[in-house]
Amino acid sequence: MRGVLLVMLMTACLLTIQVQAAEFVDRVGLVDRLLVVGGGLIVLFVTAYCIKCFLRPGERQDQHIKRRILKDKGEDKP
């Protein structure tokens, strides 16, 4: 008998949580949707830009810092 009452109590708690969640979903407005769409667009833009920089870094100039660091002139050696 205790097990049945416990199951009924847990079911009632879960149903209450589901009702509260459904009430929250109903309150989603235009501003919320615009924020989600804007955030998604920002994430897509940053992801595309990172992939572009990964595939074509654009470090072809002779004066790029990478070339100055990798060029061994022997100046730092004693």
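Note that the structure is predicted; figures quoted are calculated from it, not measured.
The nearest pair of heavy atoms linking T47 to V43 is OG1-O, 2.7 Å.
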Quiz item: What do the steps show when you test D32 against V36 for side-chain contact (heavy atoms from CB on, under 4.5 Å), and what is the final call?
Solution: CA-CA 6 Å; D32 298 323; V36 169; 5.7 Å; no

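V37 and L34 sit in two unconnected hydrophobic clusters of ILVMFWY residues. Membership requires side-chain heavy atoms under 4.5 Å apart, directly or through other members.
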